[in-house]
Amino acid sequence: MAASVLGSCWGPLRLGIPSLYRRRPPCGLWVRSRRLPGPAVTGRSVAAARGPAALGSDHYCLELLRKRDYESYLCSLLLPEESRSSALALRAFNVELAQVKDSVSEKTIGLMRMQFWKKAVEDIYCDKPPHQPVAIELWKAIKRHNLTKRWLMKIIDEREKNLDDKAYRNIQELENYAENTQSSLLYLTLEILGIKDLHADHAASHIGKAQGIVTVLRATPFHGSRRKVFLPMDICMLHGVSQEDFLRRNQNKNMRDVIYDIASQAHLHLKHARSFHKSVPVRAFPAFLHTVSVEDYLKKIQRVDFDIFHPSLQQKNTLLPLSLYIQSWRKRY
């Protein structure tokens, strides 16, 4: 097993479901997804630019999320009915921003798209949403729940800075990125759920950081195939590992030590988030369902001794919908 330089923070990861075979949960997540209602707010319905039979803006967001961020799609379906369409709009907004980096060939074009979303958010708060399906659904969510503009702008600003394609200088820089993107999304989700609680905010901060770190780990093989490495340079240097080692997919002990240290930091944040479990309102728990997929990845990478390129890490978890539903049913995060 790889050795950690961050201390003995890696304890046994828990995703046990001891009561699974003793009690049968209610109808499955798949049934709920078929019953998903449209938003209650009336307003213009913008068709996706795919022809006359295209769906409205609410279904556009639903399909965008299902195709581009399946885990967030599943988590959003498990929110209370009155919050679901707003959460889908928020996550669709995040997908629109996230895919800019990989869909443009020049940074200038990416900056222009980010500028569009900055202006879109400004216009939305002036009740003048642009004729774009995600923007219209986000406007409806803001009108329903009075969402904080600052968190939306933080997400855009951080995604814009990330267009530079530079590796994180240290783990703190990666955590700051995760705080301003993933944690901000969780703060907004708590607002959608009507939660104003300091303990819930603390948990959201740590969960967002854990999720951001795991996202970077999961994307490492993909980025490597495009000759890019974004892992924190300070940890790589500490173990004498270069970017070229990752591009060549070396599997020596030093490489595994790098991954171990980074994964350990995500595990620590997850552990800290759960330390607030008894103080966080139960109504906030649905906002934190992403912990299921975060923990699932951490368990998998521990199982393969922190080999970031192991084929099993690229396989989808077909039981994820069930795991999410059970976690939601048991009122845990």
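Values below: all heavy atoms of this structure, side chains included; hydrogens, waters and symmetry mates excluded.
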Inset, instruction - Assess the side chains of D123 and W139: does a donor N or O sit below 3.5 Å from an acceptor N or O? - result: no
Inset, instruction - Using the six-membered ring of F230, assess whether NZ or CZ of K101 lies under 6.0 Å from its centre and within 45 degrees of the ring axis. - result: yes
Inset, instruction - State whether the side chain of S264 and the backbone N or O of Y260 hold a donor-acceptor pair below 3.5 Å, judged by distance alone. - result: yes
Legend entry - Any donor-acceptor pair under 3.5 Å from Q132 side chain to V134 backbone: yes
Legend entry - Polar contact flag, side-chain donor to acceptor under 3.5 angstrom, R159-Y177: yes
Legend entry - Among E71, R218, Q211, side-chain hydrogen bond (donor to acceptor under 3.5 Å, both in side chains) partner for S293: E71
Inset, instruction - Check whether any side-chain heavy atom of Y325 lies under 4.5 Å from a side-chain heavy atom of L74, and answer yes or no. - result: no
Inset, instruction - Measure the spacing between CG of N170 and CG of D234 and express it to the nearest 0.5 Å. - result: 5.0 Å
Inset, instruction - May I ask you to test the P221-Q314 pair for a side-chain heavy-atom distance under 4.5 Å? - result: yes
Inset, instruction - Please round to the nearest 0.5 Å and tell me the distance separating atom OG of S76 and atom CZ of R84. - result: 9.5 Å
Inset, instruction - Considering only NZ, NE, NH1 and NH2 on the basic side and carboxylate oxygens on the acidic side, decide whether R144 and E82 come within less than 4.0 Å. - result: no
Inset, instruction - First locate atom CD1 of I142, then atom CG of L152, and finally report the distance between them rounded to the nearest 0.5 Å. - result: 5.5 Å
Legend entry - D197 side-chain N/O to H199 backbone N/O, donor-acceptor pair under 3.5 Å: yes
Legend entry - Heavy-atom neighbours of N146 CG exceed 12 at 6.0 Å: no
Inset, instruction - Report the distance from atom CG of L289 to atom CG of L78, rounding to the nearest 0.5 Å. - result: 6.0 Å
Legend entry - Short side-chain donor-acceptor distance under 3.5 Å, S85 and E137: no
Legend entry - Polar side-chain atom of Y125 near backbone of K149 as donor-acceptor pair, under 3.5 Å: yes
Inset, instruction - Could you tell me whether the side chain of V104 reaches within less than 4.5 Å of the side chain of M112, counting heavy atoms only? - result: no
Inset, instruction - Could you tell me whether K107 and D165 have a side-chain N and a carboxylate O separated by less than 4.0 Å? - result: no
Inset, instruction - Please determine if E295 and K299 form a salt bridge, counting it only when a charged side-chain N lies under 4.0 Å from a carboxylate O. - result: no
Legend entry - side chain to side chain contact (heavy atoms under 4.5 Å, CB included) between K300 and N317, worked out: CA-CA 10 Å; K300 282 181 178 178; N317 179 5; 4.1 Å; yes
Inset, instruction - Compute whether any side-chain donor of one residue and acceptor of the other, for E160 and Q115, lie under 3.5 angstrom apart. - result: no
Inset, instruction - For residues R274 and F288, determine if any side-chain heavy atom of one lies less than 4.5 Å from a side-chain heavy atom of the other. - result: no
Inset, instruction - Please determine if R256 and D305 form a salt bridge, counting it only when a charged side-chain N lies under 4.0 Å from a carboxylate O. - result: yes
Inset, instruction - May I ask you to test the E175-H269 pair for a side-chain heavy-atom distance under 4.5 Å? - result: yes
Legend entry - Salt-bridge contact D157-K161 (side-chain N to carboxylate O under 4.0 Å): no
Inset, instruction - Could you tell me whether D58 and K140 have a side-chain N and a carboxylate O separated by less than 4.0 Å? - result: no
Legend entry - Spacing of L324 atom CG and T291 atom OG1 [to the nearest 0.5 Å]: 8.5 Å
Inset, instruction - Can you sort out the partners of S279 under side-chain hydrogen bond (donor to acceptor under 3.5 Å, both in side chains), two or more places apart, ordered by chain and number? - result: none
Legend entry - Verdict with supporting geometry, S103 and R113, side chain to side chain contact (heavy atoms under 4.5 Å, CB included): CA-CA 11 Å; S103 63; R113 293 194 185 179; 3.1 Å; yes
Legend entry - Side-chain donor or acceptor of N254 paired with backbone N/O of H239 under 3.5 Å: yes
Inset, instruction - Quick one: pull up OH in Y297 and CD1 in I213 and give me the separation to the nearest 0.5 Å. - result: 12.0 Å
Legend entry - Distance-only donor-acceptor check, side chains E179 and Y187, under 3.5 Å: yes
Inset, instruction - Indicate yes or no for a side-chain donor-acceptor contact from S205 to the backbone of H202 under 3.5 Å, with no hydrogens or angles considered. - result: no
Legend entry - Lys/Arg-Asp/Glu bridge criterion (N-O < 4.0 Å) met for E63, R68: no
